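One structure is given here, and the rest of the page talks about it.
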Amino acid sequence: MRVDKRNFIFCGIFVAFFGCLLLTGEPIYTGDTFQHENQMIMREPGYALLIQILRFLSPERHYWLLIALQNLLAAAANTAVLVFMRRHFDLSMPVSFLFTGILLVPHLMTPLFSSTHLILTNALMTEGILFSLYPIAFIQLLRAMWSGRPTGWDSIRALILFFLISLIRGQMMVLFVVWFLVMFVLTVIQGVQVTEQSGSAQNSFVLAENIGRHGLLAVLAAFIIAFSARSLVIHVYNYCEQGLFVDTASGKAMSFANVLYVADREDGEAIADDALRAVFYEMYDRADAEQMNYKYAPSGILGRAAHHEQCHDDLNFIYFAEPAKQYVGETKGIYADRYQELMIAIDEVAEALSAQLMPQVLGRYILNYFSVAALGFVRTVAYENPVLVWYTVFIYAAAVALTIWLWLRTPQSRAASFMAVVLLTIAGNVCATALMIQCISRYMIYNLPLFYMAGFLAFREFVMQKRTKILSERHG
């Protein structure tokens with residue numbers, strides 16, 4: 001394949017940008033870093049293993065090696081994504097420069113607008129590497145979709161990439177579902193086409209057989225294997241590191257913070273165990289005294305979501321965790337000297353409380369969930385601001401309308417399929433994250449560059465089709 005030498009221009013831009021971040025910055029140690037560095041069961045194994053490898057290579061300079069790797073990977077990944085877009089969508093040089101800027105937006109937004117002001121590629125946390133790996137995995141999914149082979153090598157490679165990045169951050173498991181839905185739709189479309197060509201469109205048995213022949217069962221099997229393999233790898237990793245054959249802990253505690261936030265004191269009457277009920281009352285009373293409850297949230301979707309966000313971490317790490325630790329110590333004899341086991345036991349307490357309180361708080365929980373998710377959708381494509389909320393509504397509506405219009409006119413439109421998968425991924429990421437934790441910007445903006453690139457391509461195709469139609473009518 002002929003190499004477009006102009007691609008080296010964009011490679012140079014990315015190398016200069018991330019090289020500048022590396023040379024003018026330094027490793028940024030965070031609370032997450034401590035957990036990864038010490039292989040704690042609250043975190044997936046991928047990033048922790050990377051730290052271990054680099055620490056083995058250079059015990060004194062492994063943090064610098066890590067951020068050097070992250071910046072190098074960012075330059076390479078963004079170059080690869082841009083080259084992919086230029087090749088598949090025949091981008092002009094001005095549009096290529098525009099896409100270069102779009103790809104750099106997450107690395108500018110976070111230090112400038114987020115509350116943490118982190119330089120992502122210098123931060124010793126999973127986002128430092130995932131903001132590079134994520135778009136690489138996504139374009140592999142596009143390759144798989146456009147190949148037309150749900151069980152082909154492109155599809156398998158996409159699933160393997162999703163598997164690997166899910167071992168770095170559990171949030172990425174949503175990509176398994178996206179992969180399955182995309183490949184499922186592809187097998188159904190191909191099965192329908194073959195059935196119609198054979199003249200058996202009304203025969204549902206023939207349709208089901210044709211869909212199966214095009215790989216539906218294989219896709220389902222691969223989906224189940226990926227989920228199971230991920231769980232097994234994490235269990236084995238935790239056993240090797242901590243002697244505990246368990247999955248990643250802390251997820252249930254994080255999600256219980258959302259339940260505690262929307263609870264009323266009288267909801268505790270639903271808790272059967274007296275001791276556990278007393279623990280809930282202690283949690284609730286302390287949190288309520290600090291106004292960390294839905295009752296104290298301001299009006300409006302953004303106001304409710306922002307208040308929940310301010311409360312979530314304290315509800316999890318202080319108002320829930322401290323009484324839960326005491327309860328586990330008194331009932332199971334597990335204390336901080338067995339920290340990993342303590343975290344597992346705390347997750348079990350959170351699970352028990354959630355199961356008994358959820359029927360009581362369900363209505364308030366759903367209302368709060370929609371507020372948190374709404375803010376997640378805003379942050380995926382913009383900055384939270386009352387004016388930008390309306391912009392967000394418009395831009396999503398325009399994206400959906402453009403996708404449908406292009407598909408109806410040109411079923412093979414790559415721009416339409418690109419945007420459809422981006423919208424599906426955004427919905428999955430926002431909805432899954434809102435179940436567990438708050439939708440802060442650095443969890444949301446993985447899809448921001450993809451959304452705007454897909455939107456530009458869809459709008460360009462729309463304009464070209466309209467122009468072609470006008471010209472044909474004039475010459476008709």
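Being a predicted model, the structure only gives us computed values, none of them experimental. The figures that follow rest on heavy atoms only: side chains count, while hydrogens, waters and symmetry mates do not.
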Student check: side-chain heavy atoms of [X] and [Y] closer than 4.5 Å:
| X | Y | result |
| --- | --- | --- |
| F256 | V349 | no |
| L73 | L133 | yes |
| D313 | I318 | no |
| F138 | V422 | yes |
| L124 | L66 | yes |
| V105 | M109 | yes |
| E309 | L375 | yes |
| V389 | T392 | no |

Taking [X] for the side chain and [Y] for the main chain, is one N or O donor matched with an acceptor at less than 3.5 Å?
| X | Y | result |
| --- | --- | --- |
| D273 | A275 | yes |
| S354 | E351 | no |
| N293 | A263 | yes |
| Q360 | A270 | no |
| N429 | Y443 | yes |
| T433 | V430 | no |
| Y47 | M125 | yes |
| N368 | V262 | no |
| N238 | V246 | yes |
| Q242 | C240 | no |

In terms of heavy-atom contacts, does [atom1] of [X] have more than 12 from other residues, nucleotides or ligands at under 6.0 Å?
| X | atom1 | answer |
| --- | --- | --- |
| Y239 | OH | no |
| E60 | CD | no |
| F370 | CZ | no |
| Y391 | OH | yes |
| I301 | CD1 | no |
| Y369 | OH | yes |

Could you tell me whether [X] and [Y] have their ring centroids closer than 6.0 angstrom?
| X | Y | answer |
| --- | --- | --- |
| F176 | F223 | no |
| Y261 | H307 | yes |
| F18 | H107 | yes |
| F451 | Y396 | yes |
| F99 | F456 | yes |

Distance-only side-chain donor-acceptor flag, [X] / [Y], under 3.5 Å:
| X | Y | value |
| --- | --- | --- |
| R143 | Q140 | yes |
| N71 | N122 | yes |
| N447 | Y134 | yes |
| Q291 | Q310 | no |
| S228 | S231 | no |
| S417 | W146 | yes |
| S155 | W179 | yes |
| D264 | Y294 | yes |

Taking only Lys NZ, Arg NE, NH1 and NH2, and the carboxylate oxygens of Asp or Glu, determine whether [X] and [Y] approach each other closer than 4.0 Å.
| X | Y | answer |
| --- | --- | --- |
| E384 | R379 | yes |
| E322 | R286 | yes |
| E330 | K325 | no |
| R265 | D288 | no |
| E269 | R277 | no |
| R364 | D267 | yes |
| K332 | E341 | no |

Where do Y365 and N258 land on the side-chain contact (heavy atoms from CB on, under 4.5 Å) test, with the steps shown first?
CA-CA 7 Å; Y365 181 91; N258 295 336; 3.9 Å; yes
From [X] [atom1] over to [Y] [atom2], what is the distance, rounded to the nearest 0.5 angstrom?
| X | Y | atom1 | atom2 | answer |
| --- | --- | --- | --- | --- |
| L118 | T30 | CG | OG1 | 7.5 Å |
| S255 | L260 | OG | CG | 11.5 Å |
| I224 | F180 | CD1 | CZ | 8.0 Å |
| M172 | E44 | CE | CD | 10.5 Å |
| I165 | I160 | CD1 | CD1 | 13.0 Å |
| Y319 | D314 | OH | CG | 6.0 Å |

Applying side-chain contact (heavy atoms from CB on, under 4.5 Å), run through L164 and I168 and close with a yes or a no.
CA-CA 7 Å; L164 292 175; I168 297 175; over 6 Å; no
So, for [X] and [Y], which heavy atoms are closest and what is the spacing to 0.1 Å?
| X | Y | value |
| --- | --- | --- |
| I234 | P45 | CG1-CD, 3.8 Å |
| A74 | T121 | CB-CG2, 3.8 Å |
| M436 | H312 | O-NE2, 3.5 Å |
| I437 | V372 | O-CG1, 4.1 Å |
| V219 | M183 | CG1-CB, 3.7 Å |
| I346 | A321 | CD1-O, 4.4 Å |

Is there a side-chain contact (heavy atoms from CB on, under 4.5 Å) between F131 and I445? Walk through the geometry before answering.
CA-CA 9 Å; F131 270 89; I445 58 176; 3.6 Å; yes
Is there a side-chain contact (heavy atoms from CB on, under 4.5 Å) between M419 and L406? Walk through the geometry before answering.
CA-CA 11 Å; M419 178 54 85; L406 290 175; over 6 Å; no
Apply the test side chain to side chain donor-acceptor pair (under 3.5 Å) to residues E37 and Y63: give CA-CA distance (whole Å), side-chain angles for both, the deciding distance (0.1 Å), then the verdict.
CA-CA 10 Å; E37 188 177 36; Y63 285 155; 2.5 Å; yes
